[in-house]
Protein chains: 2
Amino acid sequence: MIEKPQRLLVTVDVVIFTLRENDLNVLLVKRKYEPFINHWAIPGGFVNADESLEDAARRELEEETGVGDVYLEQLYTFGKVERDPRGRVVTVAYFALVPFTAVRGGSDASEARWWPVNDLPTLAFDHTDILAYAIKRLRYKLEYSAVGFQLLPEKFTLTELQQAYEIVLGEKLDKRNFRRKILEANIIEEAGMRREGEGRPARMYRFREDAVAEVKARRLFP
Amino acid sequence: MIEKPQRLLVTVDVVIFTLRENDLNVLLVKRKYEPFINHWAIPGGFVNADESLEDAARRELEEETGVGDVYLEQLYTFGKVERDPRGRVVTVAYFALVPFTAVRGGSDASEARWWPVNDLPTLAFDHTDILAYAIKRLRYKLEYSAVGFQLLPEKFTLTELQQAYEIVLGEKLDKRNFRRKILEANIIEEAGMRREGEGRPARMYRFREDAVAEVKARRLFP
DNA sequence: CCAAAAGTGTTGAAACTACACCCATGG
DNA sequence: CCATGGGTGTAGTTTCAACACTTTTGG
């Protein structure tokens, strides 16, 4: 029963989310080669023998966005035999949350652009499945934990945070209840008292470094 | 920047849980070769080029337990560079829940035995981490969803189900509240009215095939 | 009739939802 | 002084946890 083990191609794909133009957006790259030439795809690449999976994912992320130190989480590993027509490729999918303000154009020469998740092109490979799963997981996480911040700049107002949640979850939230829950969860702290703009100035907040982002206790939102 | 992609060794490891002797147990195998010879390890093996990850996991599961059609879920993919001293090996970890009654001795020649999760030997590779994560995830899933059934035979009493939850979660639960929540969740149905034994006969239940096991709504248990 | 396990309801506390007005600033 | 967005409290409802006794069977 002992066979010589076979080595497989292993890639990481990174679903990169941001908030842009009042919509949840995802970064896709246009493929320059067959198969699926000119189709849009989730950015990704092969894992080198001398780098961990997460290192590979961060490398991809940074190549595409210029951003390294953002929220990155392993999503799922996709390993159907026929998922790549060129041969057996296992892909470890990650998802990342980046503040749009932090993005610098990708250093990579590949053509890349943001797509609203509600208006996507047809994707290469099984990337439609991967993206659908990533969106589902993001919504789920937002309901139960506090990762929403990761889509915003370091400092933000409660209204901006609420808008982020509303965009991702696709539903309106009650202002008073939202603020109460966020503040009671004790995951943000004040960061400067005001800001420019119209109307009454808002308090700014930042994520508390010492806070446990995983608010396991109960659902944060309905 | 285009390099020749490197192929990696990919294994699946399957953390197999069961209930046995009033304890949560996990199946481990004793390694017959270096490295970590004579250490205990999570059962696993290489993924063949012509089988999906889940197929490979089910193959391992069946080799060790004789059981194929049980709950199996992908856990996480571990890919640090140095996790295997022989070289780069990425492992996709799964966890399985099997009713102890269903287990037939492994067909594999390897020495295997059940270990209570509270009294484990030192494990090979990074398997201590993998197992710790699997236990955490199992507890978490049990609180929020209804997978507890998967550790029991097809038909079971509510008392047996409650005991299963108590063993995994490591805490006593209130009988009346437990029954109310389980029955309101609408995931089990009656299956024969009674059974032999001491005391008053109990109703038997089975999992409802048409039920959605993922009870997303709210925590089932405190 | 006794031992053993099954089964069943209620009450007070906590959490949740819905809801409308005043506040601070810039122009 | 007005337009704009920021900020705040309460009441009714639902959910939750805590708790003890009666029922059914076998021996």
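Residue numbers start from 1 in every chain, and the chains themselves are labelled A, B, ... in the order their sequence lines are given, proteins ahead of strands. Owing to the predicted nature of the structure, the values given are computational and were not obtained by experimental measurement.
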Exercise for the section: Calculate the interatomic distance between B/E190 atom CD and C/dG7 atom P; express it in whole Å. Expected result: 9 Å

Exercise for the section: Go through the steps for B/F156 and B/Y205 under the test ring pair (Phe, Tyr, Trp, His ring centres under 6.0 Å), then give the verdict. Expected result: CA-CA 5 Å; B/F156 50 86; B/Y205 292 86; 7.1 Å; no

Completion exercise
A/L183 atom CG is separated from D/dG9 atom P, nearest whole Å, by 12 Å

Problem - Atom pair distance, as rounded to whole Å: CG in B/L173 and P in D/dC19 - result: 15 Å

Exercise for the section: Would you please confirm or rule out a distance under 4.0 Å between OP1 or OP2 of D/dA17 and any side-chain N or O of B/K181? Expected result: yes

Practice task
Go through the structure and list residues passing side-chain hydrogen bond (donor to acceptor under 3.5 Å, both in side chains) with A/E154, not counting sequence neighbours.
Solution key: A/R206

Practice task
Rounded off to whole Å, could you give me the CE-to-P distance for the B/M204 and C/dA5 pair?
Solution key: 16 Å

Exercise for the section: Please determine if a side-chain N or O atom of A/T159 lies less than 4.0 Å away from the OP1 or OP2 oxygen of D/dG6. Expected result: yes

Exercise for the section: For A/R203, report the nucleic acid contact type (base, sugar-phosphate, nothing); a contact means any heavy atom under 4.0 Å. Expected result: sugar-phosphate

Completion exercise
In terms of heavy-atom contacts, A/R137 and A/L75 come closest through NH1-O, 3.1 Å

Fill in the blank from the handout: B/L161 CG to C/dA6 P, in whole Å, measures 13 Å

Handout entry: Spacing between B/K172 atom NZ and D/dC19 atom P, to the nearest angstrom
Key = 16 Å

Practice task
Determine yes or no for a side-chain-to-main-chain donor-acceptor pair under 3.5 angstrom, with A/Q162 supplying the side chain and A/L173 the backbone.
Solution key: yes

Practice task
Could you check how far CZ of B/R179 sits from P of D/dA18, rounded to whole Å?
Solution key: 18 Å

Handout entry: Check: B/D126 side chain, B/D129 main-chain N or O, donor-acceptor pair, under 3.5 Å
Key = no

Exercise for the section: Mark up nucleotides 19-27 of chain C, 5' to 3', with B wherever a protein heavy atom is under 4.0 angstrom from a base atom, S wherever such an atom reaches only the sugar-phosphate, and - elsewhere. Expected result: BB--BBB--

Problem - B/R139 and B/E143 ion-paired at < 4.0 Å - result: no

Problem - Nearest-angstrom distance from the residue atom CZ of B/F178 to C1' of D/dC19 - result: 18 Å

Problem - Heavy-atom donor-acceptor pair, A/R208 side chain to A/N186 backbone, under 3.5 Å - result: yes

